[in-house]
Q: 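First, the structure itself, so that you have it in front of you.
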2 protein chains.
Amino acid sequence: MDAGAIRRSLEGRGLRCTPQRYAVIAFLLKQNKHPTAAEIFEAVNRVDPRCSRATTYNNLRDLVQAGLVREVAVEGRAARFDATGMRHHHFICDRCGNVEDMEWYEVPQPASNSLGKRIVRECELIFRGLCSKCAPRHASG
Amino acid sequence: MDAGAIRRSLEGRGLRCTPQRYAVIAFLLKQNKHPTAAEIFEAVNRVDPRCSRATTYNNLRDLVQAGLVREVAVEGRAARFDATGMRHHHFICDRCGNVEDMEWYEVPQPASNSLGKRIVRECELIFRGLCSKCAPRHASG
DNA sequence: TGTCACATTAGATATAATCTAAAAACGTAT
DNA sequence: ATACGTTTTTAGATTATATCTAATGTGACA
């Protein structure tokens, strides 16, 4: 995704392409792991000190609302953010909390629409275990 | 699940059946929705003021570690806890953050074990949308 | 260039959860 | 029953994460 495409996808959703906002999403698009807000702030702010903590959080919120970024909550840890365009599932490491992508595949919907009055968006599949960094540290695998 | 069964399942995992610990898991077992730690603390503490905040959190941590309770992280909100014995999936309301159970059904594993060095436990399916309380408030459904 | 809505900022604040060190409760051996 | 070591609990401080506030800046466009 080049600069023009990023600009267009922001403006197509009513978001101005400010330097700060651009920096946040461009940084996210470069990642293959999914950083926390604090990590994003640190990285973006190091390159361009104009981007404050509040702006980082504001922009992440806006980008999530606009559907350009996915937020992944992790128990007892900071949320992770993910700007990957392609559909995918997620893997969360029990030990370090890192979130990684898993290849996407179709998941059957619930049989009876026991959902009743609810409006359901899409379902996510979350795998759990130990990532390649953490697995070796465990004695018995 | 009666008191004896609770006691046995605690002690079977090396956890003493203290009044506080018992109160936490017994309260959770009664719920059909999944309360936050703060809600659990409030409810348990109201009945028995001996149970402090730290104890509630400690016990929730221990119960999760022992596999008797599931923790569900929700973006931007407090985690929810779930002591249901039966397998199930989860539904999270985008608006109020409430977590509800969805009927369980088998989900296919990823085709290629692209997991590589990772050790995978089990996968969870999370549905999103608006719960029956929140859905009506939305104009266009 | 003036205007106005959108964005950004630093720092304060809120919320969620954990830590600390001391005291209490429990199980066991005596 | 009593003493002892371990587990558990406690109140309050502390950390971690995220949001809020009110002032300031920015850019598109008339």
Side-chain angles (χ1 to χ4, degrees), chain A residues 6-8 10-27 34-66 68-69 71-81 96-99, chain B residues 6-8 10-25 34-66 68-69 71-81 96-99:
Chain A
I6 292 177
R7 163 180 287 273
R8 281 190 298 279
L10 288 173
E11 293 180 345
R13 289 161 217 251
L15 296 172
R16 280 191 196 155
C17 184
T18 66
Q20 293 90 339
R21 188 169 285 152
Y22 179 88
V24 167
I25 186 148
F27 173 76
H34 301 320
T36 64
E39 287 164 353
I40 297 165
F41 165 63
E42 209 185 330
V44 166
N45 182 266
R46 184 155 9 90
V47 172
D48 180 352
R50 279 180 306 172
C51 191
S52 72
R53 170 186 312 282
T55 297
T56 306
Y57 278 91
N58 286 344
N59 279 324
L60 285 169
R61 191 210 331 94
D62 295 344
L63 291 166
V64 168
Q65 271 185 351
L68 294 171
V69 168
E71 181 175 356
V72 185
V74 184
E75 312 78 28
R77 302 187 184 252
R80 305 304 184 112
F81 295 87
C96 68
N98 277 340
V99 175
Chain B
I6 291 177
R7 163 179 286 272
R8 281 189 298 279
L10 288 173
E11 293 180 346
R13 290 160 216 251
L15 297 173
R16 281 190 196 157
C17 184
T18 66
Q20 294 91 339
R21 188 169 285 151
Y22 179 88
V24 167
I25 187 148
H34 301 319
T36 63
E39 287 164 353
I40 297 165
F41 165 62
E42 209 185 329
V44 166
N45 182 266
R46 186 155 9 90
V47 172
D48 181 353
R50 278 180 308 173
C51 191
S52 73
R53 169 186 315 282
T55 297
T56 305
Y57 278 91
N58 286 344
N59 279 324
L60 285 169
R61 191 209 334 93
D62 295 345
L63 291 166
V64 168
Q65 271 186 351
L68 294 172
V69 168
E71 181 174 357
V72 185
V74 184
E75 311 78 28
R77 303 186 184 254
R80 306 303 184 112
F81 295 87
C96 68
N98 277 341
V99 175

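A, B, ... follow the sequence lines: proteins, then strands. Residue 1 opens every chain.
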Q: Which pairs count as side chain to side chain donor-acceptor pair (under 3.5 Å) when at least one residue sits in residues 11-20 of chain A, sequence neighbours excluded?
A: A:R7-A:E11
Q: At less than 4.0 Å, is any side-chain N or O atom of B:R21 found next to OP1 or OP2 of D:dT8? Yes or no.
A: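 Checking B:R21 against D:dT8: at least one side-chain N or O falls below 4.0 Å of OP1 or OP2.
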Q: With B:E42, which residues qualify under salt bridge (charged side-chain N to carboxylate O under 4.0 Å, His left out), at least two apart?
A: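 Testing B:E42 for salt bridge (charged side-chain N to carboxylate O under 4.0 Å, His left out), a comparison that skips the adjacent residues, returns none.
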Q: Scan nucleotides 20-27 of chain D against the protein and return all N/O pairs shorter than 3.5 Å with their distances rounded to 0.1 Å.
A:
none

Q: Could you check how far OH of A:Y22 sits from P of C:dA7, rounded to whole Å?
A: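 Spelled out: OH on A:Y22 to P on C:dA7 is 17 Å.
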Q: Between A:Y57 and D:dA18, does any side-chain N or O lie under 4.0 Å from OP1 or OP2?
A: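 Looking at the OP1 and OP2 atoms of D:dA18, one of them is under 4.0 Å from a side-chain N or O of A:Y57.
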Q: Expressed as a whole number of angstroms, how long is the span from A:Q65:CD to C:dC6:P?
A: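 Nearest whole value for this atom pair: 14 Å.
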Q: Quickly work out the B:D62 CG to C:dA17 C1' distance and round it to whole Å.
A: 14 Å
Q: Would you kindly give the CZ-to-P distance between B:R77 and D:dT19, to the nearest whole Å?
A: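 Taking atom P of D:dT19 as the reference, CZ of B:R77 is at 11 Å.
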Q: To the nearest Å, how far apart are B:L60 CG and D:dT9 C1'?
A: 14 Å
Q: Out of B:I40, B:I25, B:V72, which residue meets the side chain to side chain contact (heavy atoms under 4.5 Å, CB included) rule with B:F81?
A: B:I40
Q: Please give, in whole Å, the distance from C:dA7 C1' to A:L10 CG?
A: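 These atoms are roughly 13 Å apart.
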Q: Output all residues satisfying salt bridge (charged side-chain N to carboxylate O under 4.0 Å, His left out) with B:E71, sequence neighbours left out; order by chain, then residue number.
A: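 With neighbours one apart ignored, the set is empty.
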Q: Could you pull out the closest heavy-atom pair between A:A37 and A:L60, with the gap in Å?
A: CB-CD1, 3.8 Å
Q: With sequence neighbours left out, what residues match A:R77 under salt bridge (charged side-chain N to carboxylate O under 4.0 Å, His left out)?
A: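 A:R77: no salt bridge (charged side-chain N to carboxylate O under 4.0 Å, His left out) contacts found.
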Q: Can you list everything that forms a salt bridge (charged side-chain N to carboxylate O under 4.0 Å, His left out) with B:R80? Sequence neighbours excluded, please.
A: none
Q: Does A:A38 reach a base, just sugar-phosphate, or nothing at all? Heavy atoms under 4.0 Å.
A: nothing
Q: If the cut-off is 4.0 Å, is A:T18 near the phosphate of C:dT8, judged by side-chain N/O to OP1 or OP2?
A: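 So the side chain of A:T18 is within the cut-off, an N or O lying under 4.0 Å from OP1 or OP2 of C:dT8.
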Q: Picking from C:dA17, D:dT9, C:dT8, which would you name as closest to the side chain of B:A78?
A: C:dA17
Q: Could you tell me the separation between the CZ atom of B:R53 and the P atom of D:dA13, rounded to a whole number of Å?
A: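 Answer to the nearest Å: 13 Å.
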Q: Could you state the atom-to-atom distance from CG of A:N59 to P of D:dA18 in whole Å?
A: 15 Å
